[in-house]
Undergrad: 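Encoded as structure tokens, here's the structure I'll be asking about.
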Amino acid sequence: MIVAEEITRVYRMGKVEVRALKGVSFTIADGEFVGITGASGSGKSTLLHILGLLDRPTSGRVLIGDRDVQRLSDRQQTLFRLNRLGYVFQDYALIPELTAIENVIVTSLARGVSEKEYLKRGAEVLREVGLGDRINHRQSELSGGEQQRVAIARAIVHKPSILLADEPCANLDSETSKNILDLFKQLNEDLNQSIVMVSHEKWHERYFCRIIDLKDGLINSMRECNVNR
């Protein structure tokens, strides 16, 4: 379970104060597939960064399971992210010098997984996202959509209990987007995985259990959806 309690985030740019989040509270149950929506600048990516322990709130707290993750040390947060979370970045965040499979398995190396196991799983997950024939290609040899799929493969390779995705289909065509979301749905159901996904697309709603809509750093609405899911 993820619990956000009165999360605020204030950025200071010189003398200018930007209040990206102004007091956001919600609970996400284990196994929920939740969509985060809202106009550009509403605080969606900031919220996802805080849930993913990539940023700290100015005030408020986040509990994951029974742990107040903001109280963890930097090292403890790193280990928590490594073992419990998967994150799909908007800008891919790939390492240019590495091949697709090397980008996917780099976090497996840090988790101490055996070489045989991480190579097998890395190739398997690249096939799942439709890149079985691009395993040994570097970033410069991949299209934007292919790079996005490598980033998705990296996020799900260790079957995290929580997957955070910042517009994972932004650079994908409709068919590939559907395949990726079908894969997310399968992981969500098979692993009881919690997924929090930022989206602008109306048709994505068919995959969500619930939508949290943000406006100007606050929750504008929360609604259940896809009741027959």
Side-chain angles (χ1 to χ4, degrees), residues 2 45-56 62 64-65 67 69-70 72-172 176-177 179-188 190-191 193-198:
I2 303 171
S45 292
T46 299
L47 177 59
L48 214 63
H49 284 176
I50 289 172
L51 296 180
L53 309 187
L54 301 172
D55 192 8
R56 292 182 181 270
V62 175
I64 300 179
R67 306 190 73 174
V69 293
Q70 304 306 321
L72 300 177
S73 67
D74 288 345
R75 173 172 170 73
Q76 287 173 326
Q77 285 199 354
T78 297
L79 292 173
F80 192 93
R81 282 196 304 269
L82 193 63
N83 292 296
R84 295 282 304 279
L85 307 180
Y87 202 107
V88 182
F89 297 91
Q90 222 174 35
D91 61 354
Y92 320 138
L94 302 181
I95 301 171
E97 296 79 12
L98 301 184
T99 63
I101 193 167
E102 288 168 343
N103 266 287
V104 168
I105 66 176
V106 66
T107 54
S108 298
L109 296 173
R111 282 190 294 273
V113 179
S114 71
E115 181 178 359
K116 181 179 179 180
E117 183 179 346
Y118 65 65
L119 286 173
K120 178 183 177 182
R121 176 59 183 156
E124 183 179 276
V125 75
L126 280 169
R127 286 193 294 272
E128 288 177 350
V129 300
L131 292 178
D133 60 343
R134 311 289 279 174
I135 285 177
N136 295 311
H137 288 66
R138 288 184 168 78
Q139 184 174 6
S140 61
E141 301 171 307
L142 300 171
S143 68
E146 288 170 336
Q147 291 177 51
Q148 182 69 306
R149 282 183 277 166
V150 173
I152 290 167
R154 180 185 55 199
I156 65 175
V157 68
H158 62 298
K159 300 181 179 179
S161 57
I162 297 171
L163 177 64
L164 304 163
D166 195 353
E167 296 192 64
C169 301
N171 297 295
L172 305 178
T176 304
S177 295
N179 291 339
I180 292 298
L181 290 177
D182 285 344
L183 177 59
F184 282 5
K185 180 182 177 183
Q186 180 183 338
L187 291 169
N188 169 245
D190 292 351
L191 304 177
Q193 183 183 65
S194 299
I195 302 178
V196 185
M197 175 178 145
V198 171

Undergrad: For Val88 versus Pro168, what's the shortest heavy-atom pair and its separation?
TA: CG1-CB, 4.1 Å
Undergrad: So which heavy atom on Val150 is nearest to which on Val104, and how close?
TA: O-CG2, 3.9 Å
Undergrad: List for me each residue that meets side chain to side chain contact (heavy atoms under 4.5 Å, CB included) alongside Asp55, sequence neighbours excluded, and say none if there are none.
TA: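 Expected list: Arg9, Tyr11, His49, Ile50.
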Undergrad: Can you see which heavy atom on Gln70 is nearest to which on Leu53, and at what distance?
TA: NE2-CD2, 4.0 Å
Undergrad: For Gln139, enumerate each residue passing the side chain to side chain donor-acceptor pair (under 3.5 Å) test, keeping only those at least two apart in sequence or located in another chain.
TA: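 Result, side chain to side chain donor-acceptor pair (under 3.5 Å) vs Gln139: Gln147.
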Undergrad: In Å and rounded to the nearest 0.5 Å, what is the CG to CG distance from Leu164 to Leu48?
TA: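 Taking CG in Leu164 and CG in Leu48, the distance rounds to 5.0 Å.
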Undergrad: With Tyr118, which residues qualify under ring pair (Phe, Tyr, Trp, His ring centres under 6.0 Å), at least two apart?
TA: none
Undergrad: Between atom CZ of Phe184 and atom CG of Leu163, what is the distance when rounded to the nearest 0.5 Å?
TA: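 Reported value, rounded in 0.5 Å steps: 5.0 Å.
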Undergrad: Listed by chain and number, what are the salt bridge (Lys or Arg N to Asp or Glu O under 4.0 Å) partners of Glu128, not counting sequence neighbours?
TA: Arg121
Undergrad: Nearest 0.5 Å, please: how far is OG in Ser194 from CD1 in Ile64?
TA: 9.5 Å
Undergrad: With sequence neighbours left out, what residues match Ser161 under side chain to side chain contact (heavy atoms under 4.5 Å, CB included)?
TA: Arg84
Undergrad: Of all heavy-atom pairs between Leu94 and Pro96, which one has the smallest distance, and what is that distance?
TA: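 Closest approach of Leu94 to Pro96, heavy atoms only: O-CD, 3.5 Å.
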Undergrad: Partners of Arg56 by salt bridge (Lys or Arg N to Asp or Glu O under 4.0 Å), sequence neighbours excluded?
TA: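 Per chain and number, Arg56 pairs via salt bridge (Lys or Arg N to Asp or Glu O under 4.0 Å) with Asp74.
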Undergrad: With Ser177, which residues qualify under side chain to side chain donor-acceptor pair (under 3.5 Å), at least two apart?
TA: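 If we apply the side chain to side chain donor-acceptor pair (under 3.5 Å) test to Ser177, skipping adjacent residues, there are no hits.
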Undergrad: As an exercise, state the distance from OG1 of Thr176 to CG of Leu181, rounded to the nearest 0.5 Å.
TA: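 Interatomic distance, Thr176 OG1 to Leu181 CG, rounded to 0.5 Å: 11.0 Å.
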Undergrad: Rounded to the nearest 0.5 Å, how far apart are CG of Asp190 and CG of Leu187?
TA: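 Going from CG on Asp190 over to CG on Leu187, the span is 7.0 Å.
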Undergrad: With sequence neighbours excluded, what pairs up with Asn179 under the side chain to side chain contact (heavy atoms under 4.5 Å, CB included) test?
TA: Glu175
Undergrad: If the condition is side chain to side chain donor-acceptor pair (under 3.5 Å), which residues does Glu102 pass it with, not counting sequence neighbours?
TA: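 For Glu102 the side chain to side chain donor-acceptor pair (under 3.5 Å) partners, ignoring immediate neighbours, are Thr99.
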Undergrad: With salt bridge (Lys or Arg N to Asp or Glu O under 4.0 Å) as the rule and sequence neighbours excluded, what pairs involving residues 143-153 come up?
TA: Arg134-Glu146
Undergrad: My understanding is that only residues two or more places apart in sequence, or in another chain, count here; which of them pass side chain to side chain contact (heavy atoms under 4.5 Å, CB included) with Glu141?
TA: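 With neighbours one apart ignored, the set is His137, Arg138.
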Undergrad: Where is the tightest heavy-atom contact between Ser45 and Tyr87, given as atom of each residue plus distance?
TA: O-OH, 4.5 Å
Undergrad: Roughly how far, to the nearest 0.5 Å, is CD1 of Ile105 from CG of Leu126?
TA: 9.5 Å
Undergrad: Check residues 152-159 and write down every donor-acceptor pair under 3.5 Å in which the side-chain atom is one partner and the other belongs to a residue at least two apart or another chain.
TA:
from: Arg154; atom 1: NH1; to: Ala93; atom 2: O; distance (Å): 2.8
from: Arg154; atom 1: NH2; to: Tyr92; atom 2: O; distance (Å): 2.7
from: His158; atom 1: NE2; to: Leu85; atom 2: O; distance (Å): 2.9

Undergrad: Checking the side chain of Asn103 only, and the main-chain atoms of Ile95 only, is there a donor and an acceptor separated by less than 3.5 Å?
TA: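 Yes: the side chain of Asn103 pairs with the backbone of Ile95.
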